[in-house]
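Have a look at the structure below, then the notes.
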Amino acid sequence: MVSKDERVDETILRCENLLNDVLKEELRVRLEAREKVHKEMSEYLLLQSQIEQIEEDNLVSLHTQVDLGSNFYCQAKVPDTSMIFVHVGYGFLVEFTLKEASQFIEKKLKHLNSVTDQLTEHVTNIKVDILLLTDELRKLQGFSELDEKQLRDLSV
């Protein structure tokens, strides 16, 4: 027959495994996904500002430098700035006029904002689950609030 202490120890072990193997890993994955979306948003915002600069200066052609990778740049000449290729996802590039590209970027940014909001909500929910599980673990292990306060005072 399994004693109460053994059942509590088994429950504590399962909770710790859930906390470390599932919740913290899911939190890491969601945070990385959100960071990836933020990076994509910053690239679209940069492209939008470059389009605005081209329109503002009425540029017909353009001399620039292109990053070939690993911060290795080469000179480039754009003979016609009226059209631009934009990465629309899944490896596809679409040729747009500057106005069409601006409209696409605006819609894409709205979509990416909603994705970021969803990921942030997931992250918040996971953090709440982690806090609740940590609190339950504390109770199972017999730590009182006073002990926790004392531990916090010691760490300060």
Side-chain angles (χ1 to χ4, degrees), residues 1-55 64-74 76 84-156:
M1 187 162 160
V2 180
S3 72
K4 183 177 179 182
D5 287 340
E6 289 174 342
R7 284 185 296 182
V8 169
D9 288 344
E10 183 181 319
T11 302
I12 289 171
L13 184 61
R14 283 197 324 246
C15 288
E16 286 175 346
N17 288 337
L18 174 66
L19 180 67
N20 293 322
D21 298 340
V22 177
L23 292 175
K24 287 186 178 179
E25 178 62 19
E26 183 66 21
L27 179 63
R28 184 189 65 75
V29 167
R30 299 291 177 147
L31 287 171
E32 285 177 1
R34 189 174 67 176
E35 183 62 33
K36 185 178 176 184
V37 172
H38 282 153
K39 183 179 178 190
E40 187 176 357
M41 289 174 69
S42 69
E43 290 172 357
Y44 278 112
L45 287 168
L46 177 61
L47 179 58
Q48 181 67 38
S49 69
Q50 291 170 341
I51 289 171
E52 289 170 0
Q53 188 66 41
I54 290 170
E55 291 175 333
T64 188
Q65 291 184 338
V66 177
D67 186 359
L68 299 177
S70 300
N71 288 327
F72 184 77
Y73 291 88
C74 71
I84 185 171
F85 283 97
V86 178
H87 182 265
V88 295
Y90 299 107
F92 290 103
L93 298 172
V94 175
E95 188 174 21
F96 288 120
T97 64
L98 295 179
K99 183 178 180 183
E100 291 169 338
S102 291
Q103 292 169 346
F104 170 78
I105 291 169
E106 185 179 320
K107 290 177 184 177
K108 185 71 171 185
L109 286 172
K110 284 181 185 177
H111 169 71
L112 291 174
N113 272 323
S114 70
V115 170
T116 299
D117 291 344
Q118 290 172 356
L119 287 169
T120 299
E121 185 177 335
H122 285 125
V123 164
T124 302
N125 290 337
I126 293 168
K127 286 181 177 181
V128 167
D129 290 343
I130 288 172
L131 287 173
L132 290 173
L133 188 58
T134 303
D135 187 52
E136 288 303 313
L137 276 170
R138 181 186 55 77
K139 289 176 185 174
L140 282 172
Q141 292 171 337
F143 292 116
S144 68
E145 289 185 33
L146 183 61
D147 291 337
E148 187 178 322
K149 183 182 181 306
Q150 290 172 342
L151 288 174
R152 266 189 273 140
D153 290 342
L154 288 174
S155 67
V156 173

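- The CD atom of Gln50 sits 11.5 Å away from the CG atom of Leu98 when rounded to the nearest 0.5 Å.
- One finds the CD1 atom of Ile105 at 13.5 Å from the NZ atom of Lys110 (value rounded to the nearest 0.5 Å).
- When all heavy atoms of Met41 and Leu109 are compared, the pair lying nearest together is O-CD2, 3.8 Å.
- Taken from CG in Leu46 to CD1 in Ile51, the straight-line distance is 10.0 Å, to the nearest 0.5 Å.
- Residues Leu112 and Tyr44 come closest through the heavy atom pair CD1-CD1, 4.0 Å.
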Practice task
For the pair Ile84 and Ile54, evaluate side-chain contact (heavy atoms from CB on, under 4.5 Å) and give the outcome as yes or no after the intermediate values.
Solution key: CA-CA 11 Å; Ile84 185 171; Ile54 290 170; 5.9 Å; no
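- You'll find the side chain of Leu47 stays beyond 4.5 Å of the side chain of Phe104, heavy atoms only.
- Checked for salt-bridge contact, Glu10 and Arg7 miss the test: no charged N lies under 4.0 Å from a carboxylate O.
- Under a 4.0 Å N-O distance rule, the pair Glu40/Lys36 does not qualify as a salt bridge.
- Atom CG in Asn125 sits 11.0 Å away from atom CD in Glu26 (nearest 0.5 Å).
- A distance of 11.5 Å separates CG of Leu19 from CG of Leu132, quoted to the nearest 0.5 Å.
- Taken to the nearest 0.5 Å, the NZ atom of Lys99 stands 9.5 Å off from the CD atom of Glu55.
- Atom CD of Glu32 is surrounded by more than 12 heavy atoms from other residues, nucleotides or ligands within 6.0 Å.
- The heavy-atom pair separating His122 from Arg30 by the smallest distance is ND1-NH1, 3.0 Å.
- Side-chain contact check for Leu131 versus Asp135: every heavy-atom pair is 4.5 Å or farther apart.
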Exercise for the section: Could you check Lys39 against Glu35 for salt bridge (charged side-chain N to carboxylate O under 4.0 Å, His left out), going step by step and ending with a plain yes or no? Expected result: CA-CA 6 Å; Lys39 183 179 178 190; Glu35 183 62 33; over 6 Å; no
Exercise for the section: Determine, step by step, whether Thr124 and Lys127 satisfy the side-chain contact (heavy atoms from CB on, under 4.5 Å) criterion, reporting the C-alpha distance in whole Å, the side-chain angles of both residues, the deciding distance to 0.1 Å, and the verdict. Expected result: CA-CA 5 Å; Thr124 302; Lys127 286 181 177 181; 5.7 Å; no
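- What you find for Ile12 and Leu137 is that their closest heavy atoms are O-CD2, 3.7 Å.
- Here the shortest heavy-atom pairing between Lys24 and Ile130 reads CG-CD1, 4.3 Å.
- Summarising the geometry of Leu133 relative to Cys15, their closest heavy-atom pair is CD2-O, 3.5 Å, with the distance given to 0.1 Å.
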